[in-house]
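Read through the structure below, which is laid out as structure tokens, and then see the notes.
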Amino acid sequence: MIAAAFRVMWLSLVRDRAALTMAFVLPTVIFAIFAAIFSGAIGDRIRIHLGLVDLAGTATTQRLVTALEAEPSLRIARLDVTDEAAAIRAVRRGEVDVALVLRSDLAAPAGPDKGNAAASQPVLLIESPSRALATPIALGQLQRALNDALPDVVLSRIVADVERSGKIGPDERAFLDEAFAEQRAKKEPFSFTRLVETRTTASGRGNERVSYYAGAIAAVFLLFAAMQGALSLVDEREGGLADRLAAGPGGLPVIVLGKFLFLLGQGVVQAGLIFSAAALLHGVDVSGHWIGWLVTSILVSAMAAGLALAACALSATRQQAHLAATFGVLLLSAVGGSMVPRFLMPPWLQQAGWLTPNAWAIEAYQAALGEGAAAALPAWGVLAALAALGLGVAVGVVGRRTV
């Protein structure tokens with residue numbers, strides 16, 4: 001009976017070309033779209049559209065413009081405006097994400113006149129509330145450009161502050177400015193620009209950023225596909241077929257086991273297709289931990305199959321099962337990090353994510369592919385427990401209904 005249930009579900013899938021496409025083609029397509037979106041939406045690949053206006057036209061502002069235009073993480077647009085109000089209108093209209101207006105010489109000392117904003121704050125940043133994320137990115141890139149390309153200007157303004165405090169005189173200020181100019185002329189780096197060394201945890205075997213989204217999309221689609229397959233439990237019950245199947249050897253629990261094995265195999269194939277697309281399109285490499293990937297895919301598929309069968313067994317009507325298959329899976333996927341990485345969520349929502357199977361599926365893939373099987377053991381344990389719990393509930397519920 002287990003083999004018969006498996007064969008029936010397989011034939012139903014093969015004969016329905018739309019369902020076959022939804023099961024094995026759509027997950028790969030959706031992964032490719034999500035990977036393209038999110039791999040360019042976080043980290044060093046964010047390229048905001050930055051508008052530049054150089055109203056001062058001095059040597060220092062030209063150096064800053066050159067440095068910003070050479071920054072690959074920015075899309076620079078030189079705005080053809082003559083005042084700050086026009087630049088504000090350009091940002092409001094959405095011509096650029098954020099704008100920088102260079103309104104006075106960067107090296108000019110800030111005088112005591114606090115009413116002259118252009119002198120004390122030579123750079124004006126214009127932001128839009130609808131693109132708030134662009135503001136900290138623009139500020140970070142501006143600070144980076146100042147430190148890398150204009151360190152003498154930065155230090156000169158610091159020395160000017162010290163001079164105004166009375167700690168040094170004009171002669172010391174002139175000496176320091178001359179020393180900064182000589183060091184810049186020699187193209188020797190200033191020590192404060194080399195304070196930070198960056199190291200990455202990436203293994204270098206492939207695009208590990210995209211591997212996150214491969215696991216995330218696999219988790220959500222395996223749940224969707226398992227729910228659609230498990231709906232046959234409700235159809236058989238409402239159509240009266242379940243009563244006849246209950247009279248067979250083993251009864252309905254054996255039918256549930258057959259469906260579970262089919263959904264498990266289907267899930268592994270879907271995960272394989274998604275990671276194959278990740279390898280072909282984005283260079284994701286799982287060869288170093290392919291056993292860990294296989295174990296994770298089996299457990300994630302088992303988790304999805306078990307939970308789907310339990311949800312459908314507990315549903316009194318097809319409408320209830322359909323709601324669980326749509327809104328339930330979407331909610332779990334959103335909170336669990338399948339749609340947006342959890343580190344971008346509020347802290348309380350990050351913690352709530354651990355109550356979803358998606359978060360553990362993603363964690364299992366990340367640990368297995370990044371550090372190996374030992375690191376994935378806790379997540380594997382959770383996934384196995386969820387699979388066993390779901391299958392146990394499904395078998396128990398259908399078995400009780402046949403009594």
Side-chain angles (χ1 to χ4, degrees), residues 40-79 81 84 87-88 90-91 95-111 114 116-165 173 176-177 179-181 183-200 343-344:
I42 63 171
D44 57 1
R45 295 187 63 182
I46 297 179
R47 299 189 70 226
I48 64 170
H49 198 187
L50 176 67
L52 268 182
V53 182
D54 186 5
L55 298 180
T58 65
T60 56
T61 58
Q62 286 296 325
R63 286 170 57 194
L64 179 58
V65 168
T66 301
L68 290 173
E69 289 180 334
E71 176 55 52
S73 63
L74 296 173
R75 291 183 293 141
I76 300 296
R78 299 292 295 271
L79 298 180
V81 299
E84 298 173 8
I88 292 174
V91 175
E95 296 179 12
V96 292
D97 298 327
V98 65
L100 291 176
V101 180
L102 310 181
R103 51 189 182 179
S104 65
D105 188 4
L106 302 178
K114 296 184 179 180
N116 187 359
S120 61
Q121 295 176 299
V123 181
L124 170 66
L125 184 142
I126 303 170
E127 64 176 351
S128 170
S130 62
R131 294 177 291 276
L133 182 61
T135 300
I137 297 174
L139 287 173
Q141 294 296 347
L142 173 62
Q143 190 65 52
R144 176 180 176 181
L146 287 171
N147 289 342
D148 291 346
L150 292 88
D152 54 315
V153 174
V154 176
L155 290 174
S156 177
R157 294 184 69 87
I158 295 174
V159 170
D161 292 336
V162 177
E163 181 185 10
R164 281 196 302 274
S165 70
R173 162 76 186 277
L176 291 173
D177 286 343
F180 297 155
Q183 187 164 357
R184 183 174 69 85
K186 295 177 182 178
K187 297 183 179 181
E188 295 179 355
F190 288 76
S191 60
F192 78 91
T193 65
R194 296 179 286 113
L195 285 174
V196 179
E197 177 190 3
T198 302
R199 294 185 182 180
T200 179
F343 73 86
L344 296 176

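Annotation: the span from Leu150 atom CG to Arg63 atom CZ amounts to 4.0 Å, rounded to 0.5 Å. Distance check: Asn147 CG to Gln143 CD gives 4.5 Å after rounding to the nearest 0.5 Å. Rounding to the nearest 0.5 Å gives a distance of 9.0 Å between CD of Glu95 and NE2 of His49.
Here the closest non-hydrogen pair linking Val91 and Ser128 is CG1-CB, 3.9 Å. Closest approach of Ala87 and Ile126 over heavy atoms only: CB-CD1, 3.6 Å. The shortest heavy-atom contact between Pro122 and Ser104 is CB-OG, 3.0 Å.
At a threshold of 4.5 Å between non-hydrogen side-chain atoms, the residues Ile48 and Leu74 count as touching. A 4.5 Å side-chain heavy-atom check between Leu64 and Leu146 finds at least one atom pair inside the cut-off. Contact check for Glu71 versus Arg144: side-chain heavy atoms found under the 4.5 Å cut-off.
Judged purely by atom type and a 3.5 angstrom limit, Thr61 has no side-chain atom pairing as donor or acceptor with the backbone of Leu102. Side chain of Arg75 to backbone of Val96: no donor-acceptor contact under 3.5 angstrom is found. Of the possible polar contacts, none joining the Asp97 side chain to the Leu50 backbone as a donor-acceptor pair under 3.5 Å is found. No donor-acceptor pair under 3.5 Å is formed between the side chain of Arg131 and the backbone N or O of Val98.
Of the options Leu124, Val81, Val65, Leu100, a side-chain contact (heavy atoms from CB on, under 4.5 Å) to Val53 is made by Val81 and by none of the others.
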